[in-house]
Amino acid sequence: MKKILVTGGAGFLGSNLCKKLLDEGNEVIALDNLYTGRMENIQPFLKNPAFQFIEHDIINPLKIDVPIDEIYNAACPASPPHYQKSPTFTTKTCVLGMLNMLELATKLQAKILQFSTSEVYGDPQIHPQPESYRGSVNPIGIRSCYDEGKRCAEALCFDYNREFGTRIKVIRIFNTYGPNMDPADGRVVSNMIIQALQNKDITIYGDGTQTRSFCYVDDLISGIMRMMQSREDFKGPVNLGNPNEFTILELAEKIIKLTGSHSKLQFNPLPSDDPMQRKPVIETASKELGWKPEILLDEGLIPTIRYFDQQLEK
Ligand code: UDP
């Protein structure tokens, strides 16, 4: 049994991770400022004596005196409309939050795993994206608070490792979907499922030919946990995502079919710097972690649609 800190523990990925860590018999402390995280995601664990919730914003230093074995740093708004609402706050969360968590990990000699992102590749000029690709990020665009914030956070991880010997792991997460996503998240999977369930127009940004590769949350969490337990000298960065690539139009068609919706497509302008394509090369994860995603998009959409249907009934 380990004592594990999960920042962003009430968020989509954080809460799914807390559940798996508790199921495996660990003690979990979840931190969240509830900016995008939601108490209902962690409600089922609140009575579990192995679980503790602390409302805390990681842009402020955290004092913890108990020994901690592992820190998963998942705290950050991750959907474009959310992270663009207050871009300077997003950068602070990425950079000051990372500094504070690296300080804590160094002091407690805990291993720290950073939730980085495929957004470090920007609008990629190389397709699909291996970890060696250095990316194509617009440093002054509307996505840069998140993209550059996360790039700086990666740099901090590796600098703390080189300068102070901090035990680090870095994963780059590609588009992920599943239960516990916020219905108001604003990303494509949640928007389209909710629109389809309500027979409202499905919003396609641009002409819908841009691509994403969608990973079901259970697959992602298993990859994340394998990364934490990977050999001590493997720091990453490692891509975690599903390499099955779809256009946004294909996604809309699947969701309309699976929900039996009468929704029509509505074409809206493409936001600036919206990446045209995204697909991970996952050879590193396969070699180092023995991991690959198992759940096809059509399979993963079914429990996700059920989850959003229940959310709409609330
Ligand atoms: N998108 C869309 N309709 C929506 C929301 C998003 O067509 O209602 C598009 C968006 O422009 C992008 C893709 O879907 O090209 C994925 O967007 P999302 O916000 O889910 O994540 P991103 O991968 O861009 O961070």
Side-chain angles (χ1 to χ4, degrees), residues 11-13 36 74 76-85 87 90 93-94 115-124 127-129 133 135-138 141-151 171-217 220 239-256 259 261 263-280 297 300-301 304-305 308:
F12 164 46
L13 297 181
T36 55
C76 191
S79 128
H82 285 161
Y83 71 63
Q84 287 162 10
K85 200 156 60 185
T90 299
T93 305
C94 291
F115 282 47
S116 190
T117 167
S118 57
E119 296 255 343
V120 300
Y121 302 123
D123 188 5
H127 193 72
Q129 297 82 51
Y133 179 48
S136 167
V137 171
N138 174 1
I142 57 170
R143 294 176 87 104
S144 63
C145 57
Y146 187 73
D147 299 8
E148 298 289 18
K150 289 284 188 178
R151 287 170 69 96
I171 53 167
R172 292 181 177 156
I173 300 171
F174 285 64
N175 296 65
T176 302
Y177 67 97
N180 289 13
M181 282 185 104
D182 184 351
D185 182 80
R187 272 180 290 193
V188 69
V189 174
S190 47
N191 274 6
M192 285 185 176
I193 292 179
I194 287 173
Q195 290 159 347
L197 288 171
Q198 298 182 321
N199 291 309
K200 291 188 177 155
D201 285 353
I202 302 243
T203 51
I204 308 273
Y205 302 165
D207 62 7
T209 57
Q210 71 271 38
T211 69
R212 294 293 186 272
S213 307
F214 299 99
C215 186
Y216 188 64
V217 64
L220 184 84
N239 287 341
L240 291 181
N242 190 321
N244 290 336
E245 184 184 12
F246 298 90
T247 66
I248 295 306
L249 279 176
E250 284 170 335
L251 176 70
E253 279 158 18
K254 276 187 191 298
I255 290 174
I256 289 173
T259 52
S261 174
S263 294
K264 302 265 172 304
L265 304 184
Q266 181 196 309
F267 290 85
N268 292 349
L270 188 69
S272 69
D273 293 333
D274 197 292
M276 271 314 290
Q277 50 187 4
R278 190 183 283 155
K279 169 180 169 157
L297 182 56
L301 281 175
T304 310
I305 290 169
F308 281 116

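Just so it is clear, the model here is predicted, and its values are computed rather than measured. For ligands, and for the atoms within them, numbers begin at 1 and follow the listed sequence.
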Just jot down the ligand 1 atoms closer than 4.0 angstrom to any heavy atom of [X], in number order.
| X | result |
| --- | --- |
| Ile204 | 7 (O) |
| Asn175 | 21 (O), 22 (P), 23 (O) |
| Arg278 | 22 (P), 23 (O), 25 (O) |
| Arg143 | 22 (P), 24 (O), 25 (O) |
| Asn191 | 4 (C), 5 (C), 8 (O) |

All ring-ring contact (aromatic ring centres under 6.0 Å, His included) counterparts of Phe12, not counting sequence neighbours:
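Listed in chain order: nothing, the list is empty.
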If the condition is ring-ring contact (aromatic ring centres under 6.0 Å, His included), which residues does Phe174 pass it with, not counting sequence neighbours?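 ring-ring contact (aromatic ring centres under 6.0 Å, His included) list for Phe174, sorted by chain: empty.
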Practice problem: Only heavy atoms count here, so choose which of Gln195, Glu119, Arg187 is nearest to atom 25 (O) of ligand 1. | Solution: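 Result: the heavy atom closest to atom 25 (O) of ligand 1 is in Glu119.
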Item to check | Any side-chain heavy-atom pair of Thr36 and Asp182 under 4.5 Å | outcome: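 No, every pair of side-chain atoms sits at 4.5 Å or beyond.
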Q: May I ask you to decide whether Arg278 forms a salt bridge with Glu119, counting only side-chain N to carboxylate O separations under 4.0 Å?
A: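 Yes.
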Please report the closest heavy-atom contact between Ala252 and Ile202, naming both atoms and the distance.
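Closest approach of Ala252 to Ile202, heavy atoms only: CB-CG2, 4.1 Å.
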Q.
When you compare the side chains of Ser213 and Asn242, does any donor N or O come within less than 3.5 Å of an acceptor on the partner?
A.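 Ser213 vs Asn242: no donor-acceptor pair found between side chains.
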> Among protein heavy atoms, which lies nearest atom 10 (C) of ligand 1, and at what distance?
Replying inline: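 Atom 10 (C) of ligand 1 sits closest to the protein heavy atom Asp274 OD2, 3.3 Å.
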- Message: Under 4.0 Å, counting heavy atoms only: does Pro80 come that close to any atom of ligand 1?
- Response: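 It does, in that a heavy atom of Pro80 comes within the 4.0 Å cut-off of ligand 1.
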